[in-house]
There are 2 protein chains.
Amino acid sequence: MLLKMPSKHTTISDQAREKSNDETAEPNHTISLREENMLTLIELFFFAYRDFTEEGDEILDTFGFGRAHHRVIHFVHHYPGQRVADLLGILKITKQSLARVLKQLVEQDFICQKEGSKDRRERLLYTTEKGNKLAEQLADPQIERFEKTMGNFSKTEQQTIEKFLFTLIRKHNRQDVISLMAQNGHFPAGKP
Amino acid sequence: MLLKMPSKHTTISDQAREKSNDETAEPNHTISLREENMLTLIELFFFAYRDFTEEGDEILDTFGFGRAHHRVIHFVHHYPGQRVADLLGILKITKQSLARVLKQLVEQDFICQKEGSKDRRERLLYTTEKGNKLAEQLADPQIERFEKTMGNFSKTEQQTIEKFLFTLIRKHNRQDVISLMAQNGHFPAGKP
DNA sequence: CAAAATATGTCAACATCACTGACATAAATT
DNA sequence: AATTTATGTCAGTGATGTTGACATATTTTG
């Protein structure tokens, strides 16, 4: 299934002609070029994310898991020792949404829980060996895709891109992201 | 709810200490710095998209709509005269998923359908006046957010960012995106 | 023209993932 | 001792996605 695929009876120029003949086909009179450019970026962002998430799904299917499992196992793997509350803050989902997914991952031995040493109410989350394997299997194609993409850009450009992504994060969430990534010695949008 | 929020009894340095004392807390021995940098970008991409999609939801709630409605009305508004099949290719969802949402939007007079002039089987999709209003109401905060973000970058950097997003799209989908955007005179990753 | 392909719509059944609100337990803090 | 916190769990609900089958109208093709 394709977008506006030129076919025998409908070429792109046909469509353009059709559109210009149509009285209801010009809703964007009031849109400035600047806004139009932003819409292009917004749509590219949508398509990029659409494609980005598409890849892991086949792997997940073979385990009977979905994207929610992916996200949980990714963040537990990359930031071992998270509390449940931390994960809720990262994923911005409710406790019940997380609980269902987490329960499955623990029962099937992808994730294990350890009592907090200071606060024994806490359940610190770690991936098991089995979980590590799955996490890496899921991360590999995404890493590869980003490596390929970033390979097209200079170091400076790569910093621009990192800054762009960081700036898209809402202000009130940025410090949380920085704190999280600092756990692995990473500092988005400029190393200290 | 926050990420690893420093609280009275658990500071970030406490957590670091706890982590380094923990024998299961070092799963990433085999990960290269390059891969680590990619994981940072991947997570920033996730957080950026998470926050990006978050904003429209309050507006949508007041109409009893969800993100699926948003996506449909956005693309119909910005690219008037799409066929149903085109929309399926853009959103990459199944006919039934689209049908449910589209039906609601048509019934409630946000979108109208016109018989194709060449092929009368086609239902070309357009937004109504009511639909235009909603589409613009939904687009405005996103446009504003991107304008603010992009305002931090030079023209050259902005081109880098556009190219980055375009390159993240899977190769076999890029031509479709180009064809789509060409309908509005836009050419991602380099004007011709 | 008759047959095949195409565009769309629709039905039933189902899975995932999100939500809310209420409540329980254990442990820490006040 | 009372309160707050971290977590887990229950029941119910809704949005969004899936598959597969089938119907209709229309266009294209042999």
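Below, chains carry the letters A, B, ... as their sequence lines are ordered, and counting in each starts from 1.
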> If you write DNA chain D from 5' to 3' in dot-bracket form, with Watson-Crick or G-U pairs under 3.5 Å, [ ] for crossing pairs and | for pairs with another strand, what do you get?
Replying inline: ||||||||||||||||||||||||||||||
Choose from [options] the nucleotide whose nearest atom is closest to any side-chain atom of [X].
{"X": "Lys103(A)", "options": "dT9(D), dT10(C), dC17(C)", "value": "dT9(D)"}
{"X": "Ala68(A)", "options": "dA18(C), dT8(C), dA22(C)", "value": "dA18(C)"}
{"X": "Asp119(B)", "options": "dG8(D), dA7(C), dT20(C)", "value": "dA7(C)"}
{"X": "Lys95(A)", "options": "dT7(D), dC17(C), dA6(D)", "value": "dT7(D)"}
{"X": "Ile93(A)", "options": "dG8(D), dA18(C), dA28(C)", "value": "dA18(C)"}

Rounded distance (Å) that lies between atom [atom2] of [N] and atom [atom1] of [X]:
{"X": "Arg100(A)", "N": "dG12(D)", "atom1": "CZ", "atom2": "C1'", "value": "12 Å"}
{"X": "Leu88(B)", "N": "dT6(C)", "atom1": "CG", "atom2": "P", "value": "16 Å"}
{"X": "Leu125(A)", "N": "dA6(D)", "atom1": "CG", "atom2": "P", "value": "14 Å"}

> Are Phe166(B) and Met181(B) close enough that some pair of their side-chain heavy atoms sits under 4.5 Å apart?
Replying inline: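 With C-beta onward as the side chain, the pair stays apart.
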> Hey, is the main chain of Thr149(B) close enough, under 3.5 Å, to the side chain of Thr167(A) for a donor-acceptor pair?
Replying inline: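 No; zero donor-acceptor contacts below 3.5 Å.
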>> For Met38(B), run the side chain to side chain contact (heavy atoms under 4.5 Å, CB included) check against Glu147(A), Glu144(A), Gln142(A), Arg145(A) and tell me which one passes.
In response: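 Among Glu147(A), Glu144(A), Gln142(A), Arg145(A), the one meeting side chain to side chain contact (heavy atoms under 4.5 Å, CB included) with Met38(B) is Glu147(A).
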> With nearest nucleotides of DNA chain D determined for Arg120(B) and Ala99(A) from heavy-atom distances, which residue corresponds to the more 5′ nucleotide?
Replying inline: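 Mapping each residue to its closest nucleotide by heavy atoms, the 5'-most match is Ala99(A).
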> Where do Glu43(A) and His78(B) land on the side chain to side chain donor-acceptor pair (under 3.5 Å) test, with the steps shown first?
Replying inline: CA-CA 10 Å; Glu43(A) 288 166 11; His78(B) 200 206; 2.5 Å; yes
> Base, sugar-phosphate, or nothing: which does Arg67(B) touch, judged by heavy atoms less than 4.0 Å apart?
Replying inline: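 If one applies the 4.0 Å heavy-atom cut-off, Arg67(B) turns out to touch the sugar-phosphate alone, with no base involved.
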>> Using a heavy-atom cut-off of 4.0 Å across all strands, would you classify Gln113(B) as base, sugar-phosphate, or nothing?
In response: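 It contacts sugar-phosphate atoms only.
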> Between Phe146(A) and Phe46(B), does the ring centroid distance fall short of 6.0 Å?
Replying inline: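 No - the distance between ring centres of Phe146(A) and Phe46(B) does not fall below the 6.0 Å cut-off.
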Can you see if the side chain of [X] gets near the phosphate of [N] - specifically, an N or O under 4.0 Å from OP1 or OP2?
{"X": "Arg71(B)", "N": "dA15(D)", "value": "no"}
{"X": "Ser97(B)", "N": "dT16(D)", "value": "no"}
{"X": "His69(B)", "N": "dA15(D)", "value": "no"}
{"X": "Arg83(B)", "N": "dA7(C)", "value": "yes"}

> Where do Glu58(B) and Thr62(B) land on the side chain to side chain donor-acceptor pair (under 3.5 Å) test, with the steps shown first?
Replying inline: CA-CA 7 Å; Glu58(B) 304 114 34; Thr62(B) 69; over 6 Å; no
>> Can you work out whether Thr94(A) or Gly64(A) has the more 5'-proximal nearest nucleotide on DNA chain C?
In response: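 Upstream on the strand: Gly64(A).
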> When you look at Asn173(A) and Lys92(A), which way does the side-chain contact (heavy atoms from CB on, under 4.5 Å) test go after all the steps?
Replying inline: CA-CA 11 Å; Asn173(A) 291 326; Lys92(A) 292 261 178 70; 3.1 Å; yes
